[in-house]
Amino acid sequence: MSSTSSTIAVVGAGPGLGRAVARRFGVAGHPVALISRDAEKLRGVADSLAAEGIDARAYPADVTDEKGLTAALASAAGELGRIGVLAYGPAPTFPSVAGQVPDLKALGFTSAVETTVDSVRPMFDMLVGGALTAAAVLPAMREARDGALLFTTGTTAVKPVPGMSNSGIALSGLRSWARGLHDDLAGEGVYVGHLSIGLPIVPGSGEGDPDALADRWYQLVQEGRTFETTVGF
């Protein structure tokens, strides 16, 4: 369990689940560093959290930009204090209406027969490469023997989904690496968890409500044992 004085860095922060996770941990006493590539939206999220009395600041960076992401995390740690919780969950934006079917091709997903090196590379860079870069916060956690790495994914991390094979290659790899971290860090005081969400994230939708998912993450961190939790499948 990470101490409440440490900073939570929410990488891939948006107005939905990212904001909810930031708010849940912020209410519990963690300063909040918000990181994503859209500076305008990011500052809007930071301002909305600050209006609730949460110490939240925006650090714009693209997760596929290794130097930019590393610099953002370093700036956050320098200004807010050691990053004790890393919540990593960048993803394409899906429609926020229950039952609405997204255009997978328009979002960059490919079926198995359409999957190529070129279609996998951007998924890998966003979902795996960025996570590996963000793991720069891990040495400080290990030294403090206190911290948490939280990886949020979708169904394809756990099982194949038609039309989403390129993301499945990346997310299943991320899941495998995260599981290895969980095992390697056992006994060091650093928790590693994986939450795979297989339903639309919609306010007021029960298990898919962003606040409910954020609270689930918070409780998992407090427990500090369970590696994998699935929602919606």
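What you see is a predicted model; the values in this text were computed from it and never measured.
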query = In Å and rounded to the nearest 0.5 Å, what is the CG to OH distance from L149 to Y191?
reply = 10.5 Å
message = side chain to side chain contact (heavy atoms under 4.5 Å, CB included), that's the test. Do V32 and T7 meet it? Break it down for me.
response = CA-CA 6 Å; V32 175; T7 299; over 6 Å; no
ask   = Pick one: which of P31, S75, S6 meets side-chain contact (heavy atoms from CB on, under 4.5 Å) with L80?
value = P31
ask   = Any luck finding a side-chain donor-acceptor pair between S165 and S111 under 3.5 Å?
value = no
task = Taking the side chain as every heavy atom from C-beta outward, state whether D146 and R82 have any pair of such atoms under 4.5 Å apart.
result = yes
key: Residues which pass side chain to side chain contact (heavy atoms under 4.5 Å, CB included) with P160, listed by chain and number, not counting sequence neighbours   = none
query = Could you state the interatomic distance from CG (L213) to CD1 (I197), rounded to the nearest 0.5 Å?
reply = 4.5 Å
ask   = How would you list, by chain and number, every residue that makes a side chain to side chain contact (heavy atoms under 4.5 Å, CB included) with E143, sequence neighbours excluded?
value = none
Trace of the side chain to side chain contact (heavy atoms under 4.5 Å, CB included) decision for L174 with T153 = CA-CA 9 Å; L174 175 62; T153 69; 4.0 Å; yes
remark   = When rounded to the nearest 0.5 Å, the distance separating CE of M164 from OG1 of T155 is 7.5 Å
ask   = For A20, what residues pass the side chain to side chain contact (heavy atoms under 4.5 Å, CB included) criterion, not counting sequence neighbours?
value = P210, D211, A214
query = Could you give all pairs that pass the side-chain hydrogen bond (donor to acceptor under 3.5 Å, both in side chains) test and reach residues 10-28, with sequence neighbours left out?
reply = R19-S48, R19-E52, R23-E52, R24-D215
request  = Sequence neighbours left out, what passes salt bridge (Lys or Arg N to Asp or Glu O under 4.0 Å) with R57? Give chain and number order.
outcome  = D55, E79
ask   = What residues join F233 in its hydrophobic cluster, counting side-chain heavy atom gaps under 4.5 Å, either direct or through other members?
value = V158
inquiry  = Strictly distance-based, threshold 3.5 Å: is any side-chain N or O of T70 a donor or acceptor partner for the main-chain N or O of E66?
reply    = yes
query = In Å, rounded to the nearest 0.5 Å, how long is the span from OG of S119 to CD1 of I169?
reply = 7.0 Å
query = Sequence neighbours excluded, which residues qualify as ring pair (Phe, Tyr, Trp, His ring centres under 6.0 Å) partners of F25?
reply = H30, Y218
inquiry  = Filter on side-chain hydrogen bond (donor to acceptor under 3.5 Å, both in side chains), then keep only pairs touching residues 224-233, sequence neighbours left out; what's left?
reply    = R175-E228, H194-E228, E223-T226
ask   = To which residues is V113 joined in a hydrophobic cluster, defined by side-chain heavy-atom contacts under 4.5 Å among Ile, Leu, Val, Met, Phe, Trp and Tyr, whether direct or through other members?
value = none
ask   = Are T64 and D62 linked by a side-chain donor-acceptor pair shorter than 3.5 Å?
value = yes
inquiry  = I'd like to check I8 versus I83 (side-chain heavy atoms, cut-off strictly below 4.5 Å). Are they in contact?
reply    = no
key: Non-hydrogen side-chain atoms of V120 and T110 separated by less than 4.5 Å   = no
key: salt bridge (Lys or Arg N to Asp or Glu O under 4.0 Å) involving R179 - partner list, sequence neighbours excluded   = D183
inquiry  = Could you check whether any side-chain heavy atom of N166 comes within less than 4.5 Å of a side-chain heavy atom of T116, counting everything from C-beta outward?
reply    = no
inquiry  = Within the 4.5 Å heavy-atom criterion, are L73 and I35 side-chain neighbours or not?
reply    = yes
message = Holding to salt bridge (Lys or Arg N to Asp or Glu O under 4.0 Å), I want the full list of residues that pass it with K159, two or more places apart in sequence or in another chain.
response = none
key: Check: L150 and Y88 side chains under 4.5 Å, non-hydrogen atoms   = no
query = Hey, does L132 have a side-chain heavy atom less than 4.5 Å from the side chain of W177?
reply = yes
request  = Indicate whether any N or O donor in one side chain lies under 3.5 Å from an N or O acceptor in the other, for S167 and T156.
outcome  = yes
Distance (rounded to the nearest 0.5 Å) between R37 CZ and L69 CG = 13.0 Å
Pairs involving residues 133-142, ordered by first then second residue, that meet side-chain hydrogen bond (donor to acceptor under 3.5 Å, both in side chains) (sequence neighbours left out) = R142-E188
ask   = At what distance, to the nearest 0.5 angstrom, does CZ of F109 lie from CG of D103?
value = 11.0 Å
